[in-house]
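Please read all numbers here as calculations on a predicted model, not as lab measurements. The chains referred to below are lettered A, B, ... by the order of the sequence lines, with proteins before strands, and numbering in each begins at 1.
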Amino acid sequence: MRIATWNVNALTVERMDRIVGWLDIAQPDIVCLQETKASDTGFPAMVFHARGYASVHHGEGRWNGVAILSRVGLDDPVSGFADGEPPDDEARLVTATCGGVRVSSVYVPNGRAVGHEQFRYKLRWLARLRSHLQADAAPGPVAVCGDFNVARDDIDLWSPAAFVGDTHVTPEERAAVDELEAYGLRDVFRERYTGVGGLFSWWDYRAGNFPNHKGMRIDLVLMSSDLADRVRWALIDRNARKGSKPSDHAPLFVDVDPPA
DNA sequence: ATGGTCGCGCAGCGA
């Protein structure tokens, strides 16, 4: 079973062509999308349906927006946090059961600048994600996939010096993701490429950063151990970042023996 | 060269 995550940076016409073309080539079974920037009524569910994918979308229109596509079933969808607290103002989380896996598509707030109100929101949001996972917990494997806007280690940066004092790399942000690992989720891509640098999932559009290999690894697939132990391989599909009108993120996919 | 490019939506902000 192939599980993918991709921050697509809006579902423009050109971007939809890319996504559909990528589905045809990569043949993922489950896809978590972020930054659809679509309303729920504007989400092109029929395009995905025609390719054999059921879908759930949680959107707000101009900004954010997350979705899950699945061709191995899609049940019990939940939009946003399931912790019983007041709903988040922004559409950044959607959860569903696909192929026996409880899958969440997450778009963690960017944080804007260290100390900014949006930075505090980011830290609160990551803490609340853990509460959500605990509240949503049921027996069986879990996969939390998406744009975490956190580079977990300096090896996930093209240049650690370039990010001193910036968001995405602070101890507080990294600790917030470590808390998810303490809860029992594993960064399965990094497990397969221990100590290997230069493996990025996002590149700034500006200044030729992509051809110059100036990127960050901020998109993650976190899996519960029962699933992480069954991973066969993982790949960031850098080819999908090439050419005209790309997203600024590349898709990450993980192949796993399906749960028993 | 301390900027650069996108998307949204029609100015300028957010990433």
Original post:
Are any of the side-chain nitrogens in A:D204 or A:K214 under 4.0 Å away from the carboxylate oxygens of its partner?
Top reply: no
Original post:
Looking at A:R174 and A:E179, does any basic side-chain N land under 4.0 Å from a carboxylate oxygen?
Top reply: no
For residues 103-115 of chain A, tabulate all N or O donor-acceptor pairs below 3.5 Å that involve a side-chain atom, not counting sequence neighbours.
residue	atom	partner	partner atom	Å
A:S104	OG	A:T95	OG1	2.9
A:S105	OG	A:L33	O	2.9
A:S105	OG	A:Q34	NE2	3.1
A:S105	OG	A:A67	O	3.3
A:Y107	OH	A:E35	OE1	3.3
A:Y107	OH	A:E35	OE2	3.4
A:N110	OD1	A:R112	N	2.8

Subject >> Side chain to side chain, A:F81 and A:W125, heavy atoms closer than 4.5 Å >> reply: yes
Original post:
Taking DNA chain B as the partner, which of residues 209-220 of chain A come within under 4.0 angstrom of it by heavy atom?
Top reply: none
Original post:
C1' atom, B:dA11 versus B:dC6: distance in rounded Å?
Top reply: 16 Å
**OP:** Using ring-ring contact (aromatic ring centres under 6.0 Å, His included) as the criterion, point out the one residue from A:H58, A:H57, A:H49 that pairs with A:F43.
**Re:** A:H57
Original post:
Just how far, in rounded Å, is C1' of B:dC6 from CG of A:N7?
Top reply: 12 Å
Original post:
Between B:dA1 and B:dG12, how far is it from one P atom to the other, in whole Å?
Top reply: 30 Å
Original post:
Could you walk me through whether A:W22 and A:D237 pass the side chain to side chain donor-acceptor pair (under 3.5 Å) check?
Top reply: CA-CA 10 Å; A:W22 186 81; A:D237 189 358; 2.8 Å; yes
**OP:** Summarise protein proximity over nucleotides 7-15 of chain B in one line of letters, 5' to 3': B for base, S for sugar-phosphate only, - for none, counting protein heavy atoms closer than 4.0 Å.
**Re:** BSS----SB
Original post:
How about A:Y205 and A:F210: are their ring centroids closer than 6.0 Å?
Top reply: no
Original post:
Between A:F200 and A:R217, is there a cation-pi geometry (under 6.0 Å to ring centre, at most 45° from the normal)?
Top reply: no
**OP:** Could you measure between the two C1' atoms, the one in B:dG14 and the one in B:dG9, and give it in whole Å?
**Re:** 13 Å
